[in-house]
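Values below: every heavy atom of this structure, side chains too, minus hydrogens, waters and symmetry copies. To find a chain, count down the sequence lines: A is the first, B the second, and so on, and within it residues start at 1. Computed from a predicted structure; not experimentally measured.
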Number of protein chains: 2
Amino acid sequence: MRYRRGDIVERAVEVLDRYGLADLSMRRLAAELGLQPSALYHHFASKQELLAAVADDLLERGRRPSDDDVPWDVAVVAAGHALRDAMLAYRDGAELIATVQAFGLGRVSPLVPLVRAVDRGGFGPELARAAATTILHFVFGHVSEEQAHLQASSVGAIGDDAPVGADAASFDLGLSLILDGVRQHRPAPSEH
Amino acid sequence: MRYRRGDIVERAVEVLDRYGLADLSMRRLAAELGLQPSALYHHFASKQELLAAVADDLLERGRRPSDDDVPWDVAVVAAGHALRDAMLAYRDGAELIATVQAFGLGRVSPLVPLVRAVDRGGFGPELARAAATTILHFVFGHVSEEQAHLQASSVGAIGDDAPVGADAASFDLGLSLILDGVRQHRPAPSEH
DNA sequence: ACCTGAACACCGTTCAAGT
DNA sequence: ACCTGAACACCGTTCAAGT
């Protein structure tokens, strides 16, 4: 059985979704593919590189075309929701994407669509970048917590006893809080 | 050699700071203490529980008394800085604290001082909680990235070539952006 | 180019038994 | 109460060799 890089990433996503990040080991993935573990090192230099490729794949699957016919803040909210959806679409997706990005791995940047959207508000590059990274960190933190709780309650225990804390409503609230802050800053003078 | 829980946590913090989170294994820690790995399981039910205790210890070491003689937003900034300092004080502290908190482990809550501070602004409990968690997620994300870059540049490579991205100035900028957003919301009517 | 087979140096955790 | 000794079921990674 001969595989290409993409085939292996695809299968890794399946293993991730079915068994979780903790059980996505090189040996397990190899077994799933009917390969020796060492065969994976022909395609990826390390497990880190494999996980970065998987995270990139999840981000690509969640990609949406940017809507430029809409106010900048609506576009920011849309970009935030698109990222959240991509993180929630597969088991442990939030943790994986957040970790890969925190370590600076990964070729697909979740920051770019946010910067693009904020930039349309005409606040200037410095504030656009600061606002976008603030939003990105908020999204990573919020959705990671959201998914952790989702999984804890799906696996377990007493059920709806624990306080929710992180859900879609509080996501929107946090996001709008940051946008309210961004709006306080005067737009930089426009060129045209 | 007979140890108590606290002794083991203390030594774990040393191992963390010297060798990093990846090398803080149960076997390594046991060797450092002159114990068999199994001995640790007399004190901690699992590695997760040990790591939660270490994260709690880091948060406790960074604790500051809340200053109530100062405007609410100054208190929020102070609480944010205290948390950031606690995360940066030891190697991989940011990643450890953020992970432990994301999984809902840990008895020391970094959220409480933030909620306390925002609450003094009189915005009501719902907004106070939303603002505090938004800030918490921002702090976790920002400082994790900050520490990852610090470590990458200390270990390595060409030096100051890479863009900084996350530093003390952008931390303050992000924090003030969120505070600007919070200020937009009318304080709830006060009791006195 | 892609894979096998075997090995190296590790892990977290359990459990009977010791003091 | 706290620890030893031994075992179980795993890891990521390397490397010579095969096709």
Bracket notation of DNA chain C in which parentheses pair within the strand, [ ] cross earlier pairs, and | pairs with another strand (Watson-Crick or G-U, under 3.5 Å): ||.|||||...|||||.||
CA sep, side-chain torsions, deciding dist, call: A/His149, A/Asp167, side-chain hydrogen bond (donor to acceptor under 3.5 Å, both in side chains): CA-CA 9 Å; A/His149 286 343; A/Asp167 59 359; over 6 Å; no
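- The list of side-chain hydrogen bond (donor to acceptor under 3.5 Å, both in side chains) pairs with a residue in residues 113-134 of chain B, not counting sequence neighbours, reads B/Ser66-B/Arg116, B/Asp68-B/Arg116.
- For the P atoms, the distance from C/dA9 to D/dA9 is 23 Å, rounded to whole Å.
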Atom pairs and distances, donor-acceptor, side-chain atoms in residues 77-105 of chain A, under 3.5 Å, two or more places apart:
unit_1, atom_1, unit_2, atom_2, d
A/His81, ND1, A/Val77, O, 3.1
A/His81, NE2, A/Asp172, OD1, 2.9
A/Arg84, NE, A/Glu146, OE1, 3.2
A/Arg84, NE, A/Glu146, OE2, 3.2
A/Arg84, NH2, A/Glu146, OE2, 2.4
A/Asp85, OD2, A/Arg64, NH2, 2.9
A/Tyr90, OH, A/Arg61, NH1, 2.8
A/Arg91, NH2, A/Arg18, O, 2.9
A/Asp92, OD1, A/Gln151, NE2, 3.3
A/Asp92, OD2, A/Leu21, N, 2.7
A/Thr99, OG1, A/Glu95, O, 2.7
A/Gln101, NE2, A/Val108, O, 3.2

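- Annotation: B/Gln184, atom CD; neighbour count of heavy atoms from other residues, nucleotides and ligands within 6.0 Å is above 12.
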side-chain contact (heavy atoms from CB on, under 4.5 Å) assessment of B/Val15 paired with B/Asp23: CA-CA 8 Å; B/Val15 173; B/Asp23 287 341; 5.9 Å; no
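- The stretch residues 4-37 of chain B participates, sequence neighbours left out, in no ring-ring contact (aromatic ring centres under 6.0 Å, His included) pair at all.
- Within residues 31-50 of chain A, the residues approached by DNA chain C to less than 4.0 Å at the level of any non-hydrogen atom are A/Gly34, A/Leu35, A/Gln36, A/Ser38, A/Ala39, A/His42, A/His43, in residue-number order.
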Working for side-chain contact (heavy atoms from CB on, under 4.5 Å), residues A/Leu40 and A/Leu33: CA-CA 10 Å; A/Leu40 295 176; A/Leu33 291 160; 4.1 Å; yes
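- Within residues 96-107 of chain A, no residue has a heavy atom under 4.0 Å from DNA chain D.
- Remark: B/Asp56 engages no residue in a salt bridge (charged side-chain N to carboxylate O under 4.0 Å, His left out) (not counting sequence neighbours).
- With sequence neighbours excluded, the residues satisfying side chain to side chain contact (heavy atoms under 4.5 Å, CB included) with B/Tyr41 are B/Met26.
- Applying the ring-ring contact (aromatic ring centres under 6.0 Å, His included) rule to A/His142 yields the partners A/Phe138, A/Phe171, B/His137; only residues at least two apart in sequence or on another chain are considered.
- For B/Arg4 and A/Arg2, each mapped to the nucleotide of DNA chain D holding its nearest heavy atom, the one lying further toward the 5' end belongs to B/Arg4.
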Derivation and outcome, side-chain contact (heavy atoms from CB on, under 4.5 Å), residues A/Ile8 and A/Arg5: CA-CA 5 Å; A/Ile8 294 169; A/Arg5 229 179 118 98; 6.0 Å; no
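- Listed by residue number, the members of residues 8-27 of chain A with any heavy atom below 4.0 angstrom from DNA chain D are A/Ser25, A/Met26, A/Arg27.
- Taking every heavy atom of both residues into account, B/Ala75 and B/Val70 meet most closely at N-CG1, 3.7 Å.
- Counting 5' to 3', DNA chain C first comes under 4.0 angstrom of a heavy atom of chain A and last does so at the ends given by C/dA1 to C/dA7.
- Taken from CG in A/Asp180 to CZ in B/Arg183, the straight-line distance is 12.5 Å, to the nearest 0.5 Å.
- Side chain of A/Asp17 to main chain of A/Glu14: no donor-acceptor pair is present (N/O by atom type, distance under 3.5 Å, no hydrogens or angles).
- Every residue was checked against the salt bridge (charged side-chain N to carboxylate O under 4.0 Å, His left out) condition with A/Arg11, not counting sequence neighbours, and none meets it.
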